[in-house]
Amino acid sequence: MCGHKCRSCGGLTRHKNSAHPLFPTPDEATHHKIIYHSVLGARPCNENGHFLSEVELQNPPAVPAEDASENPFEPFQDHLAFDWAYYHYVRLQSSNLDILEGLDLWRAAVIQHRSFGLMTDGVPWRNTDDLLSTIDSIQDGDIPWRCYKFSYTGPKPVIPPRWMEETYELNARDALLVLEQQMAMPDFATHTAYVPYQEFDASGNRVYSNLMSDSWAFQQADKIACDPSAHGAMFVPVIAGSDKTTVSVATGHQEYHPVYISPGNISNTARRGHGNGVLPVAFLPILKTSKWQRKRPEFQRFCCQLYHCCLEIVFGPLKPYMEAYKVIKCADGHFHRAIFGLGPYIADYPEQVWLGGIVLNWCPKCNGMPDSLDGLGNHRRSHEKTDFLIKNFEPGILWDEFGIRSDIMPFTHGFPRADIHELLAPDLLHQLIKGTFKDHLVTWVCDYIFHIHSEKVALEIIEDIDHCISAVPPYPGLCRFPDGRDYNQWTGDDLKALMKVYLAAIAGYLPSSMVQCIATFMDACYIARHNAITSPALEHFRVCVEKFHSLRNIFIQAGVRVSISLPCQHALLHYFYSIKLFGSPNRLCSSITESKHIKAVKEPWRRSSRYQALCQMLRTLVQLDKMAALRRKLNKMGLLVGTTSSFMERTMATERDACNTDEEELQQQNQCGLDKEDDDFDEGPVLGNPSGDMSDIKLGSKCEPGYPRDLHRLSAHIRQPGFPFALRRFLFMYNHPDHQLPTDINDLPPFEGEIKVFHSAIAIYYAPSDLCGAGGLRRERIRSTPSFFGHQRHNTVFVVLDELKKGMEGMEVGRVLLFFSFHYRRKSFSCALINWFIHDDEPDHDTGMWTVQLERDSQHRPTVEVIDINTIARGAHLLPVYGSSRIPDDFSHHDALDSFNLFFVNHFIDHHAHEFITGR
């Protein structure tokens, strides 16, 4: 019997419907207080804008039934033709030649069937052009692109440079139509807020999450409500973002500058988990010239003015409906009066400089001087202040003293209720992850090591840090760094992965205050990345930022930096106010545009011929939108249930009037939801909405053969002699939950049943701050197997001991040695055999992470215990406390959990773990 004060040694069980405090259930949402805007009620209306009465709402008109004689797959021939086109054009992104070859194989199959006397309709398309023409004829989702042309009209020299003579093109589509299409998508029916609201948790703390839940949306609603004609309407904030991307360096450094929009009414979770939550609306012109010409004021001025002129055109269709309403159909199936407004704008710092019309190295949100951005007395910028300064000061003074360009007028200047200095959204990716973490802190750590050590010793330390990074234990979804941080080109995902494991690797080589500085910054970063931020968490974020700004002076004291006045670190000071305005920046940063580049720019470019590719890319985008719109329509009609072959079987059976197919069984066989299992699938998003328990765990669907079914033989097989005693102790606690455990094994109930062994369990939990489905659900596979890609894997997990305590105070960590199930007294049990890792009373002072070590009995053997798997909350990730010992070059990360004595509990492994472990 162990003597750990936080844990009973009995069989650990937990009621199926219970939940840890950080796994909230829908019932807990009823304890949240929601205050909706009292004037903008988003009342349903008819297509003419007349509000519906209560009687009309309770008795909606019958929806006309689809004409069974018509082909619902029009313009496609049938279900098979649509699925074939969707599979090749959308999913596989097959080239023209691949599609042509696929059609030829299909045609060969038809010819073969005809030779056997079978009647078929043949192949629906002769070639690729026929297929594309069919897609073009789809009526749904058709929002065409339009081209606008511009040229330089300013003063020209006698021999003007080429850029003054060229014509530049803006390709854009109607932003109003794009937003109407997004607002009407049925996928967002349960993820759309029609009225601005304020949310308070059970303790009365304000909760900042989605855009409609925060101060800015309420302020905009108050301004709109001044007009009596707007009463009962809905407010539709427009989230916009733009970012350059390079598709090919080898073929002339081809760049594109897309603009994306998204309605702010849909939740951050849905925007994250659904590709159509963010759509491209324009491609801005990119001006190219020689390096010498790029430095000329005329060229720079023309670039900025063209940029703002294009954005004004892009958002121009929305302008008339920012003060008067527009009737649109929404995801709830009703028409609503909609009043639009420009919302948060997503951009990295160089683009923020252009958007704000400011001088480089100045802050676009306040007037802090470049050499002292974090100084006291800075004031926020606004259009009104800028207009006043331009009227009263010369351009040179504006440039030098205020960082204002008098020759640039931001595009928001002419839009109602819009100020670009306020609307610039926090940029987690470039300001925190790429900027402060990678470009600054990681670089400064290396500079510090080289500053205090000789070059030889410094290189050895850097190499050992790389070995530490590569030696971390595996975890589902964790990016491996076989060479440490020695990367030539980092992506945003690589940097996020490095943040998860970096702190433990450097802790033994840096002074305490430097480790605290980095740990404090990472805490602030992870709080900002939460999907919902309570007012206490926001206050803790503010404290972390102040502490980080104080602790970072260690790099000046160590001689690494002379001063620290950097725009991306300075931006942290504005997060506190911006989060109150716009909610969690979790899905309002440039990561949303970076990820969208793949589908909206890079994949369409790869499909093109590379010559005048943009026109081909725009056609591809329209075709993809049409296919997606038709697929949504067919899904709504229930015509895409099951596989293509099962649909054809049901259709033919219906025609023969001899349909014996069990529909329920067919759906169970073909469903692609929570029950679909893939042994190689470790983690990822889950489709569906949370209901009941938001945390659930179950054993894998496949019982492993080759294991003895007898308890004692199985114990010998897995080399765990304490397994029989642990299982019988578990059964005693099941029979006598209030009794003291006996010390004699003979006093424990015997077990003679069969045991089935499983190599994994699947945990599904609500984690909207991570990569997830539109409903916020995430799936994680916990493995306990003797061979996984040639190595044994026994994952560690969080086991809930006290549901009333938050974070690690109510949990311990266990390493799963075996997943198994059995029957006892007509009841089925799903259990795990684990080793315990016990934690200290408080987190580590420098890193802020809890430390754990393997629990051992009086004979120095690891303790084992049987627990019900329902006590497992989710997987845990442990990082070795490396200390001053060097990691061998040939060390395998698969052996990490067996090679070290002390471990950090990694609360940086994902955003949910940070909130879950720290209890904030």
Side-chain angles (χ1 to χ4, degrees), residues 193 199 206-217 237-243 260 262-273 277-278 342-349 351-352 355 363-366 420-437 492 495-496 499 521-535 537-542 544-545 548 567-596 767-772 776 910-912 914-915 920:
E199 183 178 358
R206 182 74 183 272
V207 179
Y208 302 95
S209 55
N210 304 308
L211 179 62
M212 294 293 282
S213 71
D214 300 298
S215 303
W216 178 82
V238 181
I239 298 173
S242 54
D243 184 29
Y260 303 100
S262 173
N265 305 80
I266 63 176
S267 67
N268 288 350
T269 303
R271 189 175 297 108
R272 173 189 298 277
V278 180
L342 294 182
Y345 200 102
I346 302 167
D348 58 13
Y349 178 71
E351 194 135 357
Q352 288 184 359
L355 286 163
C363 175
K365 298 185 76 71
C366 74
I420 192 60
H421 303 293
E422 179 186 56
L423 295 179
L424 289 175
D427 185 7
L428 298 177
L429 180 62
H430 290 95
Q431 291 170 347
L432 300 189
I433 299 169
K434 285 187 176 180
T436 304
F437 176 68
L495 292 172
K496 293 173 185 177
M499 289 183 74
F521 163 75
M522 291 177 63
D523 271 333
C525 182
Y526 271 72
I527 292 173
R529 291 163 68 182
H530 286 172
N531 194 62
I533 305 173
T534 63
S535 50
L538 184 59
E539 178 61 24
H540 183 68
F541 169 83
R542 186 188 64 79
C544 286
V545 170
F548 166 67
C568 62
Q569 291 195 27
H570 165 73
L572 274 168
L573 296 177
H574 296 296
Y575 274 48
F576 183 82
Y577 176 70
S578 295
I579 290 172
K580 284 190 171 184
L581 275 185
F582 305 127
S584 169
N586 166 47
R587 207 50 178 167
L588 290 177
C589 76
S590 56
S591 62
I592 192 174
T593 54
E594 294 271 0
S595 61
K596 195 63 183 178
S769 294
D770 294 303
L771 295 177
C772 60
D910 55 52
H911 317 149
H912 176 267
H914 184 268
E915 184 178 5
R920 289 190 292 267

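Every heavy atom of this structure was used, including side-chain atoms; hydrogens, water molecules and symmetry mates were not.
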Going from CD on Glu594 to CG on Asp243, what distance comes out if it is rounded to the nearest 0.5 angstrom?
-> 5.0 Å
Trace of the side-chain contact (heavy atoms from CB on, under 4.5 Å) decision for Leu572 with Leu432 = CA-CA 8 Å; Leu572 274 168; Leu432 300 189; 3.3 Å; yes
Can you find a side-chain donor-acceptor pair between Asn531 and His912 that sits under 3.5 Å?
-> no
Taking the side chain as every heavy atom from C-beta outward, state whether His430 and Glu351 have any atom pair closer than 4.5 Å.
-> no
Is Met522 close to His914 at the side-chain level, that is, under 4.5 Å between some pair of heavy atoms?
-> no
Rounded to the nearest 0.5 angstrom, the CG-CG distance for Leu424 and Leu355 is 6.0 Å
Correct closest heavy-atom pair for Pro344 and Leu588 would be CG-CD1, 4.4 Å
Do Val238 and Pro263 touch side chain to side chain, with heavy atoms closer than 4.5 Å?
-> no
Dump the intermediate steps for side-chain contact (heavy atoms from CB on, under 4.5 Å) on Leu211 and Arg271, then the final yes or no.
-> CA-CA 11 Å; Leu211 179 62; Arg271 189 175 297 108; 5.7 Å; no
From CA spacing to verdict: side-chain contact (heavy atoms from CB on, under 4.5 Å), Val545, Phe576 = CA-CA 9 Å; Val545 170; Phe576 183 82; over 6 Å; no
Approximate separation, where rounding is to 0.5 Å, of Ile346 CD1 and Ser591 OG = 8.0 Å
With sequence neighbours left out, write down each residue that passes ring pair (Phe, Tyr, Trp, His ring centres under 6.0 Å) with Phe541, or none if nothing qualifies.
-> none
Can you list the residues that meet the ring pair (Phe, Tyr, Trp, His ring centres under 6.0 Å) rule with Phe582, with sequence neighbours excluded?
-> Trp216
Could you pull out the closest heavy-atom pair between Ser215 and Arg206, with the gap in Å?
-> N-NH2, 3.9 Å
Nearest 0.5 Å please: distance from the SG atom of Cys525 over to the NE2 atom of His530.
-> 10.0 Å
Under a 4.5 Å cut-off applied to non-hydrogen side-chain atoms, are Gln352 and Pro567 in contact?
-> no
Side chains of Tyr260 and Ile592: does their closest heavy-atom pair fall under 4.5 Å?
-> no
Identify the heavy atoms of His574 and Cys363 that sit nearest to each other, and give their distance.
-> NE2-SG, 3.4 Å
Just say parallel, tilted or perpendicular for the rings of Phe548 and Phe521, cut-offs at 30° and 60°.
-> tilted
For Arg542, salt bridge (charged side-chain N to carboxylate O under 4.0 Å, His left out) partners two or more places apart = Glu539, Glu546
With Tyr345 via ring pair (Phe, Tyr, Trp, His ring centres under 6.0 Å) - residues at least two apart = none
By ring pair (Phe, Tyr, Trp, His ring centres under 6.0 Å) - contacts of Tyr575 (at least two apart) = none
Side-chain touch Tyr349/Gln431, heavy atoms, less than 4.5 angstrom = no
One should read off an interatomic distance between Lys496 NZ and Ile433 CD1, to the nearest 0.5 angstrom, of 5.0 Å
Does the side chain of Asp348 pick up a donor-acceptor pair with the side chain of Ser590 at under 3.5 Å?
-> no
side-chain hydrogen bond (donor to acceptor under 3.5 Å, both in side chains) filter on Glu199, not counting sequence neighbours, yields His32
Considering all heavy atoms, the nearest Lys365-Ser578 contact = CE-OG, 3.9 Å
With a 4.5 Å heavy-atom cut-off, do Cys568 and Lys434 have their side chains touching?
-> no
What is the minimum heavy-atom distance between Ile239 and Gly264, and which atoms define it?
-> CD1-CA, 3.8 Å
Does some side-chain heavy atom of Glu422 sit less than 4.5 Å from a side-chain heavy atom of Tyr577?
-> yes
Minimal non-hydrogen separation, Leu428 against Cys589, with atom names = N-CB, 3.3 Å
Value for OG (Ser267) from CG (Asn210), rounded to nearest 0.5 Å, stands at 5.0 Å
Applying the side-chain contact (heavy atoms from CB on, under 4.5 Å) test to Pro585, which of Ile533, Asp427, Asn268, Leu429 qualifies?
-> Ile533
